[in-house]
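Here the structure is laid out as structure tokens; the discussion comes afterwards.
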Protein chains: 2
Amino acid sequence: MREKPVQKQVFSRFLKERGQRFTKERSAILEKTMSRNGHFDPETLYIEIRKAGAKASRASVYRTISLLCECGLIEQVRKTEHGTVYERSFGHEHHDHMLCIGCGSAIEFYSDKLERLQEDLCRQQGFQGTTHTLEIRGYCRKCQKKKKQT
Amino acid sequence: MREKPVQKQVFSRFLKERGQRFTKERSAILEKTMSRNGHFDPETLYIEIRKAGAKASRASVYRTISLLCECGLIEQVRKTEHGTVYERSFGHEHHDHMLCIGCGSAIEFYSDKLERLQEDLCRQQGFQGTTHTLEIRGYCRKCQKKKKQT
DNA sequence: ATTGTAATTGAGACTCATTATCAATTAAAC
DNA sequence: GTTTAATTGATAATGAGTCTCAATTACAAT
């Protein structure tokens, strides 16, 4: 796994500005977070970190995830009955999701039309929109086939 | 508060089909649910029911909310750090929400363009979409003013 | 390098929403 | 009315996430 010094810089600057420290625990969590491609939840991240031999407690994982959200390196995707799902946002353009009811898989997509629509809608309502999340639920290709077979 | 016999019929039929019973607890919870206009969470509903003098335990409230979701009379709006938020869907057309970061208030809106956009997006991805949720976060009129004053 | 000091860590206690348990109750079919 | 399986509710259990606090440590100043 290649180093990602840019992200370390972003994070350590963010911390320094607030008089906070860039510890090895935070560094390990940052690294594992940034090496992840898809969605993840704190517990899974914690287990991966332990497996990788790094030392960081569950508490630190939660605390660091919080910080990473604040400085914009990751963001919350959604809350589920099994906990909160996050994803890397650094080097990962804004997008929305389609979520398969059948298998839980997620498709990412981006739509310029949607971005413009958000602006229109906000104008109509006198609302100052900053971000949005669109989640489309349904069936992915695979699960559509499975359904036909039954 | 007027009676809403249609919803009772829907619910009791739904239950009968599944060999389940239409108890007074379920009836009380249904009624309180249907008399609500905005968003609500299970705990608030439970407290209201107790205040109204009806008898239903917290456990029954949770269990019945689950049933009401299954039969389509209410639906989950979102999960927050303070629990799950629901809203009546019976006699309440589909819509999406703008959520104020400042005060937590919610604006409901409906957009035909958005509905058509969902269809387009799904076609593009070979996804069979059934429902969606669009949540736009930002500042409502009041909170925009407050921010200016500071 | 050493020191001083405030930030951080981690183990475990705690919170709070939600679910499971199970004996007692009850709807509703006969 | 009897029967019987579904339901209820008090309470225990679960599980994600947060808090506590003594021990540790980053880091700025000397």
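Since the structure is predicted, the reported quantities are computational estimates derived from the model, not experimental observations. A note on names: the letters A, B, ... follow the listed sequences, proteins ahead of strands, and every chain is numbered from 1.
- Salt bridge annotation for B:E43-B:R58: present, with a cationic side-chain nitrogen under 4.0 angstrom from a carboxylate oxygen.
- Note that the CZ atom of B:F127 and the CD atom of A:Q144 stand 8.0 Å from one another [nearest 0.5 Å].
- The phosphate of C:dA17 (OP1 or OP2) has no side-chain N or O of B:T84 nearer than 4.0 angstrom.
- Applying the 3.5 Å distance criterion, the base of C:dA28 shares no donor-acceptor pair with the side chain of B:R21.
- To the nearest angstrom, P of D:dC27 lies 15 Å from CZ of A:R13.
- Take the nearest nucleotide of DNA chain C for B:K79 and for A:T64: the residue whose nucleotide is more 5' is A:T64.
- Taking atom CD of A:E81 as the reference point, atom P of D:dG17 lies 12 Å away to the nearest angstrom.
- If you check C:dG10, C:dA28, D:dG9 against the side chain of B:S57, the one that comes closest is D:dG9.
- What separates CG of B:L15 from P of C:dA27 is a distance of 14 Å, to the nearest Å.
- Of all nucleotides listed (C:dA7, C:dA29, C:dT9), C:dA7 comes nearest to the side chain of A:Q20.
- A salt bridge links B:E31 with B:K8: at least one charged nitrogen is closer than 4.0 Å to a carboxylate oxygen.
- If you find the closest nucleotide of DNA chain C to A:Y46 and to B:T23, the one lying nearer the 5' end belongs to A:Y46.
- Aromatic ring centres of B:H94 and B:H132 lie closer together than 6.0 Å.
- Counting to the nearest Å, the C1' atom of D:dT25 and the CZ atom of A:R26 are 12 Å from each other.
- Judged by atom type and distance alone, B:R63 does not reach the base of D:dT8 through any side-chain donor-acceptor pair under 3.5 Å.
- Ion pairing between a basic and an acidic side chain is recognised when a charged N comes within 4.0 Å of a carboxylate O; A:E48 and A:R50 show no such pairing.
- Going from atom CZ of A:R58 over to atom P of D:dA16 covers 9 Å, rounded to whole Å.
- Nearest to the side-chain atoms of B:A59 among the listed nucleotides D:dG9, C:dA29, D:dA26 stands D:dG9.
- Neither OP1 nor OP2 of C:dT8 sits under 4.0 Å from any side-chain N or O of A:K24.
- In this structure, the CD atom of A:E25 is 9 Å from the C1' atom of C:dG10, given to the nearest Å.
- For A:S60, taking side-chain heavy atoms from C-beta onward, the closest of the listed nucleotides C:dT9, C:dA29, D:dG17 is C:dT9.
- The separation between A:I29 atom CD1 and C:dG10 atom P is 8 Å, rounded to whole Å.
- B:Y62 has its OH atom 13 Å from the P atom of C:dA20, to the nearest Å.
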